[in-house]
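Down below is the structure, laid out as C-alpha cells.
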Number of protein chains: 2
Amino acid sequence: VGQVGDGSRSARRPTMTDVAAHAGVSLKTVSRVVNGEPHVSPDLAERVRASIHALGFRRDASARQLAMGAAGRLLGYIQVDAANPFFGAVARGLEEVTLPHGFLVITGSTDADPEREGVLLDALVEARVAGIVVAAAEGGDEILRQELDHGTAIVCVDRLLDGATCDVVTSTNRASTRTAVQHLLDLGHRRIAYLGGTPTVWSAQERRQGYLDALTAAGIGADPGLLIEHVDTSTLAAAATTRLLEHDAPPTAIVAGQDRIGIGLIEALHRHAAQHEVAHIVFDDLPLGGQLEPPVAVVRQDATELGRAAGRLLLQRLDDGTTAPARRIEIPAAFEPRRSASIPPPAIDEPDRSP
Amino acid sequence: VGQVGDGSRSARRPTMTDVAAHAGVSLKTVSRVVNGEPHVSPDLAERVRASIHALGFRRDASARQLAMGAAGRLLGYIQVDAANPFFGAVARGLEEVTLPHGFLVITGSTDADPEREGVLLDALVEARVAGIVVAAAEGGDEILRQELDHGTAIVCVDRLLDGATCDVVTSTNRASTRTAVQHLLDLGHRRIAYLGGTPTVWSAQERRQGYLDALTAAGIGADPGLLIEHVDTSTLAAAATTRLLEHDAPPTAIVAGQDRIGIGLIEALHRHAAQHEVAHIVFDDLPLGGQLEPPVAVVRQDATELGRAAGRLLLQRLDDGTTAPARRIEIPAAFEPRRSASIPPPAIDEPDRSP
C-alpha cells in the first residue's frame, strides 16, 4: 500500500542535518535560511538553498508549525454535506476569519449520520485541531456533548445542541420565515403551503414554526394537507409541488424551506406553467433567482456571515477557555420580496350554485 | 486555551481499565463488549454498558480504528474553494466511492495559493491520510511533485500536474468546448466571444483551446477583443459582458468558461435586455438554467463523476502501490443545446453607404 503517515516516511526524507552536511555549513545556518531569519550572508544562503534543492529537502509539518508560530494550526469543521452550497459558504466564512490567525480548516461531511459524525470527530481530534465548528447531525448530539464535557472547544452552526450549553450561530430562521409568510397573508393569501426539510433538524423546525406563527397570528388554522415535510431534495420537492397543484383545493402560495426545495418547487411550477399563478418564496438565495420570470422572492440567508461569526466565536472560545459562558448569535436572514411573492390569490368566486 | 489533542486529554478521559474496575469485570470483558465481540453473557455485558454510561467512557480514535478494521481511515482532498459547487460535488463523488471501503474524506481549500496548499498537504499527512486527491493550486506543483517522490498516493482532479506522472481525472474540457462553439458557428455566428478564467489553470487553458480550435477549423482568426480571460467571478464576468455589449462591433454570441462566469454573463445580458439577442452557452450546468428565458444551453460537467473516478483511481493506487503506471481518465462533459444557443446572428445588413 503506497501511503502517507507511516513511520518510515521521516526516514526517507532528507533532514536539515543532511542539508547542512551537503552545503558544508552549520545546522544553525540551515535553520536560519529555512526559517527566513536574518544574519546569514547571501553567499551562504545561496549554498544552503542549492543543497535544499539538490536533496529535495522540505520542512515537515511540525517544524513548519514551530517556524511559523501561529500559522499552520488547524480547526475542524463538521458539515452535513460538502456539496450543499450553504455549507460551502459557511466554510468560506470560517476560513476568512480564521486564516489571518494562522488557522487552516479541515472538514468532512456527515450526511447527518451520527456514526460518521463520531468518526470525523475522532479524526479531527487525532489531527490535533484546536477547536471544532459543527453543524450537528441529527441524533449525534450525545457524541458532541461528550466532547464538550472533555473540554473540546466546539461552536455549533445552523443547529443547536439539545441539552448542552455551547456557543451557537444560527440565522433568524423563525422570524424571517414568519415575515415572508406574513407578506403573503397581507396580499390576501389564505391557502399557503409549506415545503420543509427533515423536521428533526433544528433549523427546519424553526422555519416551520415561523410559518405556523404567521398563520396563527392571522387566525388561520394550519391545514395538514399544506404542510409537507421530509422533501429535502429538489426531486422530492418537485413531486410534492405537483401533488399540491393537482390537489382539489390547491394552495395559492407556496413557501420552500431551503434552496434545494426551492429549486424543485420552481422546476415543477414551470413544468405546470403555474409560475405566474401561484405565489412562491424560497428560504435561501438562489443564483439567478432574480433573472427568472417571475423573479423569485427569497429569504437571503447569509451563510458566509454565519461562518465568519462561528469563526469569531471559536477564536474567542480558544482565548477564554471552555468554562466561560456560552454565547448565542443570530444572523439576520433578509426577506427580499421579488415579484413571485406579489402574485395575488385568485379573485374569490361566488360559491358554485350549479347542481 | 480550551483545546483538543493536547497531551492531557487522554488523562482526563476514563479508560477501559476504569470501566473494568467500575463494573468489577476483567479488561478483556470490557474490550469484548466495546468491540461487539461474542462470548460475553448478557448479564455481564449489561453491567459493562452501565459502567460505560456512568463514566462517560468512549473509545479513542485509534482504538476505534483498530476495532473497526478498515473503517475510519482517512483520505485527504485538497480543493481550490469549498464554496464552489464544482469542488463540493467532486467531494461528494469521492465520498460516495470511498466510504464503502471505510474511508472518510477530510478536506481544505487552497484558494489556489501554493503556500496554503503546502500547509494543507502537511496537515493531511499529519492526520495520517492514506492518500490524497488534489485540484492543484497554480504554481503549487513543486510541493506535490515532492510528495509524489516521497511515495504519497496522489490523484489529480480537474488539473494536470506539469512535469509529473500522476493519476489524473479531468472533464473533456477542450473537445466539449469545441463542440459548443461549433454549434454557434453552424448557425452562422462569426463574432463569438469567450469569457474565461485564470489561464494558468489547466482546465481553463483547455477550454480556451477548444474555443480556438473551433474558430481555426472554421477559418476564423481569433479576435483578441473577443477573448477575455481572468474574469473568474460573476462580478468580473458581468462587467466584461457589459463591455462586450457596448463594443463598436459587439459579439453575436458569448461562451462562458465556467459556472460563475456564466452567472455574471446571464445577469448582464438580462440587465441589458440582450438575452434574446445574443446567443450564449455556459460551461458547467446551472441550477434552474433550464427555467430561465431563454433556457440556457450548458456544457454539463459531471463533477460528481469526476470525484467518483478520482476515488476509484486512489483506491486502485493504494492497492497497486505508487510504482504502477499512472492512469488518466476523461469524463465526458455533454453539450446541452437549449434555446439560448439557437439564437441566430442578426441578418447581415448591406454595407452602410451613407456618408
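A, B, ... follow the sequence lines: proteins, then strands. Residue 1 opens every chain.
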| said: Quick check for you: among Pro287(B), Pro85(B), Gly289(B), Ser109(B), which has the greatest number of heavy-atom pairs under 4.5 Å with chain A? | reply: Ser109(B)

| query | What part of Glu293(B) is in contact with chain A, defined as an atom under 4.5 angstrom from a non-hydrogen atom: side chain, backbone, both or neither? | reply | neither

| Using non-hydrogen atoms only, which part of Asp259(B) is less than 4.5 Å away from chain A: side chain, backbone, both, or neither? | neither

| said: Please rank Ala82(A), Gly93(A), Ala324(A) by heavy-atom pairs under 4.5 Å with chain B and give me the top one. | reply: Ala82(A)

| query | Does anything in residues 264-276 of chain A get under 4.5 Å of chain B by heavy atoms, and if so which residues? | reply | Ile266(A), Glu267(A), His270(A)

| Contacting moiety of Asn84(A), where chain B heavy atoms sit under 4.5 Å | neither

| query | Is it the backbone or the side chain of Leu286(A) that comes under 4.5 Å from a heavy atom of chain B, or both, or neither? | reply | side chain

| note | Of the listed Ala303(A), Ser234(A), Ala83(A), the one with the largest count of heavy-atom pairs under 4.5 Å with chain B is Ala83(A)

| said: Return the CG to CD distance between Leu288(B) and Gln291(A), rounded to the nearest 0.5 Å. | reply: 11.5 Å

| request: Kindly compute the distance separating CD1 (Ile106(B)) from OG1 (Thr107(A)), expressed to the nearest 0.5 Å. | output: 9.5 Å

| message | Just so I understand: if I count every heavy-atom pair under 4.5 Å between each of Leu99(A), Ile154(A), Thr323(A), Val90(A) and chain B, which residue has the most? | response | Leu99(A)

| task | Nearest 0.5 Å please: distance from the CG atom of Leu120(A) over to the CG atom of Leu74(B). | result | 8.0 Å

| From Glu117(B) atom CD to Leu104(A) atom CG, the distance as rounded to the nearest 0.5 Å | 12.0 Å

| said: Holding to salt bridge (charged side-chain N to carboxylate O under 4.0 Å, His left out), I want the full list of residues that pass it with Asp302(B), two or more places apart in sequence or in another chain. | reply: none

